[in-house]
Amino acid sequence: MIVYIARRMANYAVMIFVATSLAYFAAVTFMRPQTRLLQRTPRPTPEQVDTQLRLLELDPHMNAFERYWQWLTNIVLHWNWGMAPTGAAVNDEFLSRAIISARLVLLATLLSIIIGVALGVIAAARQYKLSDRLITYGTFFISVIPAPVIYLLVQMGGIKLNESAGSRLFFVTGMRSPRTPEEAWPKFVDEMQHLILPTVALTIVAYASYTLLQRSLLLDNVNADYVRTARAKGLTRMTAIRRHALRTSFIPVAQSIAFQLPGIFVGTFIIETVFAWQGLGRWTLDAITMSQSVNIAVAGVAFGGLMFAIGAIMADLSVAIVDPRARVS
C-alpha cells in the first residue's frame with residue numbers, strides 16, 4: 001500500500017510540475033501587470049512601474065524562460081512563490097485565503113454528502129412511491145438550475161427571513177461584521193450568521209449529484225441475490241438494504257466524493273464572489289481578471305493540481321476501505 005501511494009504521488013508530482021510550468025509560460029505571455037499599475041492615481045510613469053516590478057522580480061522586459069528560471073529557483077530553494085504586483089507575498093496571503101475557503105467548503109461538503117446519500121437511499125428503497133418521486137423530481141429540478149442563480153435565491157431568502165423576523169438573523173454578504181465583537185461567544189455567533197447562508201447555498205448545489213448517483217447505484221443492488229438471501233433469513237427490506245446493498249453501491253459514490261471535494265474547494269470563486277468572501281477562489285479570479293498577477297494565478301493552478309492528485313489518491317483508498325475485496329498493490 002505504501003509503495004503504491006508513493007508511486008502514485010510521484011506520478012502526480014510530475015503531472016503537477018508540467019501543468020504548473022505550462023500555466024506559468026501562458027500567464028507570462030498573456031498577463032500584463034504593468035497595465036493595471038499604470039491606471040493608479042496619481043498616475044506613475046512607465047519607468048516607475050518597470051522599476052517597481054523589477055524590485056519584485058516581475059521584470060516584464062525579461063524573456064519568459066529567464067522569468068521562469070527565476071521563479072522556479074525561488075520555489076525549489078526557498079519555497080517562495082513570488083510577489084504580487086502590489087508587493088504582497090503570495091506565501092503569506094495564500095494560507096489565510098485557503099483557511100477562509102476551507103471554512104466555507106468543508107461544512108457544506110459534509111452536509112451535502114450526508115443529505116445526498118440519505119435521500120438517495122430513501123428514494124431507492126421506496127422506488128416509484130411518492131417520496132421517491134418527490135426526491136427525484138426535486139433533485140432533477142435543482143440540478144438544472146445554474147449555481148449562481150441558486151446562490152442569489154438563497155440570498156433573497158435570507159433577506160426575506162430577516163424582514164419577516166424583524167431582526168437580522170443572517171448576513172447575506174461578508175465573512176464577519178465590520179465591528180467584530182471581542183467576546184468569544186458573540187464573535188462565534190456573528191461568524192455563524194455570516195456562514196449559514198453560503199453553507200446552505202453550497203450544500204443545495206452539491207447534494208444533487210450524490211442523491212442521483214446513490215439512487216441509481218442502489219437500485220442496481222436492491223434486488224440482487226445476496227439481498228434476497230438476507231431477506232429470506234428474516235431481515236426487513238430496509239435492514240437488508242442498509243447492511244448489504246448500500247455498502248456495495250456506496251463504493252462508486254465514495255470515489256465520486258473523493259474526486260468532487262477538490263473540485264468544490266478549487267471552484268469556490270463563484271460563491272465567494274456572490275457572498276463577498278475573501279477566499280482562495282475569489283483571490284485567484286481577481287488575480288487573473290484584475291491585477292494580472294502571474295504568481296498568484298500560477299499558485300492557484302498548482303493548488304488545483306494538488307487537490308486533484310489528493311482526490312485521486314483518496315478515491316483509490318476509499319475503494320480499499322469500503323470494499324474489503326479490493327486490494328491495492
Side-chain angles (χ1 to χ4, degrees), residues 6-40 44-102 105 262-263 265-269 272-273 278-313:
R7 187 167 62 247
R8 290 295 298 272
M9 291 178 63
N11 291 336
Y12 285 124
V14 174
M15 293 172 58
I16 293 171
F17 173 76
V18 173
T20 305
S21 298
L22 292 175
Y24 187 87
F25 283 113
V28 167
T29 302
F30 295 104
M31 290 186 178
R32 297 290 182 268
Q34 62 269 31
T35 303
R36 187 72 177 179
L37 294 176
L38 287 170
Q39 297 174 355
R40 293 182 303 180
T45 64
E47 292 77 14
Q48 290 174 325
V49 170
D50 290 344
T51 300
Q52 178 181 347
L53 293 176
R54 192 178 303 111
L55 294 174
L56 297 174
E57 297 185 349
L58 299 172
D59 189 351
H61 299 293
M62 294 174 62
N63 64 54
F65 290 98
E66 290 175 335
R67 294 183 63 180
Y68 173 76
W69 181 251
Q70 183 183 63
W71 170 81
L72 183 62
T73 303
N74 285 334
I75 293 176
V76 173
L77 298 182
H78 309 290
W79 195 246
N80 178 11
W81 285 80
M83 308 290 285
T86 58
V90 175
N91 287 30
D92 296 339
E93 199 164 357
F94 190 93
L95 179 60
S96 61
R97 299 277 186 163
I99 293 174
I100 291 172
S101 294
V105 167
F265 199 96
V266 175
T268 56
F269 61 91
E272 288 177 357
T273 301
Q278 302 297 326
L280 191 62
R282 186 178 179 185
W283 183 54
T284 306
L285 181 64
D286 289 344
I288 297 173
T289 59
M290 298 178 61
S291 65
Q292 296 282 292
S293 175
V294 173
N295 291 333
I296 295 177
V298 176
V301 172
F303 180 75
L306 177 62
M307 289 293 99
F308 176 81
I310 292 174
I313 294 175

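- Ser291 approaches Pro85 most closely through the heavy-atom pair O-CG, 3.9 Å.
- Gln278 and Ile100 get closest at one heavy-atom pair: O-CD1, 3.3 Å.
- Counting heavy atoms from C-beta outward, Leu285 and Met290 have side chains that stay 4.5 Å or more apart.
- Taking the ring-ring contact (aromatic ring centres under 6.0 Å, His included) definition, one finds that Phe25 meets it with Phe65, Tyr68, sequence neighbours left out.
- The shortest heavy-atom contact between Val298 and Thr20 is CG1-CG2, 3.5 Å.
- The shortest heavy-atom contact between Val90 and Ala299 is CG1-CB, 4.1 Å.
- A distance-only check finds no donor-acceptor pair linking the side chain of Thr268 to the backbone of Ser101 [under 3.5 Å].
- With a 4.5 Å cut-off on side-chain heavy atoms, Trp283 and Ile296 count as touching.
- Taking OH of Tyr24 as the start and CG of Asn295 as the end, the distance is 6.0 Å to the nearest 0.5 Å.
- In this structure, the side chains of Gln70 and Thr73 stay at 4.5 Å or more apart for every pair of heavy atoms.
- The salt bridge (Lys or Arg N to Asp or Glu O under 4.0 Å) pairs that include a residue from residues 80-96 are Glu93-Arg97, where partners are two or more places apart or lie in different chains.
- With hydrogens and angles ignored, the 3.5 Å screen pairs no side-chain donor or acceptor of Gln52 with any backbone N or O of Gly87.
- Between Pro60 and Asp50 the shortest side-chain heavy-atom distance falls below 4.5 Å.
- Inter-residue side-chain proximity for Val18 and Met15 is flagged as unmet; no heavy-atom pair is nearer than 4.5 Å.
- In this structure, Ile313 CD1 and Phe308 CZ are separated by 10.5 Å, a value rounded to the nearest 0.5 Å.
- Residues Ile288 and Met31 meet the side-chain proximity criterion, which asks for heavy atoms closer than 4.5 Å.
- The ring-ring contact (aromatic ring centres under 6.0 Å, His included) check on Phe17 picks up nothing, with sequence neighbours excluded.
- For Tyr12, there are no ring-ring contact (aromatic ring centres under 6.0 Å, His included) partners two or more places apart in sequence or in a different chain.
- Here the CG-CE distance, from Leu53 to Met62, works out to 12.0 Å after rounding to the nearest 0.5 Å.
- For Arg32, there are no salt bridge (Lys or Arg N to Asp or Glu O under 4.0 Å) partners, not counting sequence neighbours.
- In this structure a side-chain-to-backbone donor-acceptor pair under 3.5 Å is present from Asn91 to Trp79.
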Checklist entry - Taking it one step at a time, do Trp71 and Val294 satisfy side chain to side chain contact (heavy atoms under 4.5 Å, CB included)? => result CA-CA 10 Å; Trp71 170 81; Val294 173; over 6 Å; no
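- Smallest separation of non-hydrogen atoms from Arg282 and Glu272: N-OE1, 2.7 Å.
- Remark: Thr45 engages Glu47, Gln48 in a side-chain contact (heavy atoms from CB on, under 4.5 Å) (not counting sequence neighbours).
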Checklist entry - ring pair (Phe, Tyr, Trp, His ring centres under 6.0 Å) between Trp81 and Phe94: does it pass, once the steps are laid out? => result CA-CA 10 Å; Trp81 285 80; Phe94 190 93; 7.7 Å; no
